Amino acid sequence: MKTDEDFMRFAIKEAEKALEIDEVPIGAIVVCDGEIIGKGYNLKERDSDPTAHAEIIALKEAARKLKTWHLDNCDLYVTIEPCPMCAGAIVQARIRKLVFGAYDSKAGAVGSLYNIVEDERLNHQVSELKGGVLAAECRKLVQDFFKKLRNN
């Protein structure tokens, strides 16, 4: 059986795809019954789409595959703490478990600035939340990307 770290490595591979096309290297996967059913990486620049975040893309693919937006038996793995938009989508999709890599002190909505996915005022909360999985590796991808961007 795969561990959270194993699945996070798949999300990191998605983030590396974003890096190859000069997108912010964030990757996400959706897992259902131990199988990856959705993958995504940032495509905001390529698609000129402010909603083309890794999580949104992975959630859409999973919903298409399952033919339902109810992803209540699914888990989401993402390399960076989700932003408010993505945290809202996670709630809307009814994700069961959320695992992320590095915390995001500037935009994180799953503990850093807000905690949307566990807010009891909303109609759904994730039942399991785990941050900091392979955090150093996830953080380094993003830090190196922005360092290179600043140097160019």
Side-chain angles (χ1 to χ4, degrees), residues 2-19 23-33 35-143 145-146:
K2 289 188 174 39
T3 66
D4 289 339
E5 288 78 12
D6 294 331
F7 283 123
M8 186 60 71
R9 285 187 181 86
F10 285 107
I12 289 170
K13 286 181 184 174
E14 291 300 305
E16 290 168 345
K17 292 177 186 177
L19 190 60
E23 292 276 357
V24 177
I26 298 173
I29 62 165
V30 177
V31 176
C32 189
D33 297 324
E35 177 187 343
I36 297 171
I37 61 165
K39 299 179 195 176
Y41 54 91
N42 277 3
L43 292 172
K44 283 173 54 174
E45 298 299 329
R46 188 198 76 180
D47 293 353
S48 298
D49 180 354
T51 69
H53 288 206
E55 299 96 320
I56 302 292
I57 294 165
L59 289 169
K60 283 181 174 183
E61 185 176 303
R64 277 192 299 271
K65 188 169 274 185
L66 294 180
K67 296 180 176 33
T68 182
W69 60 268
H70 288 272
L71 304 179
D72 48 347
N73 291 318
C74 299
D75 306 327
L76 178 69
Y77 292 80
V78 59
T79 56
I80 301 294
E81 179 183 2
C83 72
M85 176 183 68
C86 293
I90 290 162
V91 169
Q92 290 298 313
R94 312 290 198 266
I95 288 294
R96 172 182 58 198
K97 175 181 176 182
L98 171 62
V99 179
F100 66 90
Y103 284 85
D104 183 350
S105 62
K106 294 183 179 181
V110 184
S112 290
L113 298 176
Y114 311 98
N115 190 350
I116 292 171
V117 300
E118 291 183 319
D119 190 326
E120 292 183 0
R121 295 171 296 176
L122 299 174
N123 62 338
H124 174 78
Q125 297 82 42
V126 298
S127 54
E128 188 176 345
L129 175 61
K130 188 174 181 183
V133 175
L134 301 181
E137 193 173 339
C138 294
R139 186 180 314 101
K140 184 172 176 7
L141 274 172
V142 174
Q143 286 175 335
F145 172 81
F146 283 110

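Predicted model, so just to flag it, every value in this text is computed and none were measured. Throughout, numbering of the chain's residues begins at 1 and tracks the sequence.
Applying the salt bridge (charged side-chain N to carboxylate O under 4.0 Å, His left out) criterion to E137, with sequence neighbours excluded, gives no partner residue. Applying the ring pair (Phe, Tyr, Trp, His ring centres under 6.0 Å) test to F10 and every residue at least two apart in sequence or in another chain returns nothing.
Dense packing is recorded around CZ of F145, with more than 12 heavy atoms of other residues, nucleotides or ligands lying under 6.0 Å away. Atom CG of D33 has 12 or fewer heavy atoms from other residues, nucleotides or ligands within 6.0 Å.
Residues F100 and L129 form a side-chain contact, since some pair of their non-hydrogen atoms from C-beta on lies under 4.5 Å apart. Contact annotation: the side chain of V78 approaches that of L98 to within less than 4.5 Å [non-hydrogen atoms, C-beta and beyond]. Put simply, the side chain of N115 does not reach to within 4.5 Å of the side chain of Q125, judged on heavy atoms. Within the 4.5 Å cutoff, the side chain of P84 has heavy atoms near those of the I116 side chain. For the pair V91/N123, a side-chain contact is recorded, criterion being any heavy-atom separation below 4.5 Å from C-beta on.
Here the side chain of R46 pairs no donor or acceptor atom with the backbone of K44 at under 3.5 angstrom. Formation of a donor-acceptor pair under 3.5 Å by the N42 side chain with backbone atoms of A54 is found in this model. Side chain of T79 to main chain of A11: no donor-acceptor pair is present (N/O by atom type, distance under 3.5 Å, no hydrogens or angles). For the pair D119 (side chain) and R121 (backbone), a donor-acceptor distance under 3.5 Å is present.
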- Item | Working for side chain to side chain contact (heavy atoms under 4.5 Å, CB included), residues I36 and F7 | CA-CA 9 Å; I36 297 171; F7 283 123; 4.3 Å; yes
- Task: With side chain to side chain contact (heavy atoms under 4.5 Å, CB included) as the test, would you mind laying out the steps for K97 and D4 before giving the verdict?
- Result: CA-CA 11 Å; K97 175 181 176 182; D4 289 339; 2.8 Å; yes
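Considering all non-hydrogen atoms of both residues, A87 and V117 come closest at O-CG1, 3.9 Å. Listed here is the closest heavy atom pair of A18 and P25: CB-CA, 3.9 Å.
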Using distance only, find each side-chain donor-acceptor pair of residues 55-74 under 3.5 Å and give its atom names and separation, not counting sequence neighbours.
from : atom 1 : to  : atom 2 : distance (Å)
E61  : OE2    : K39 : N      : 3.4
T68  : OG1    : H70 : N      : 3.1

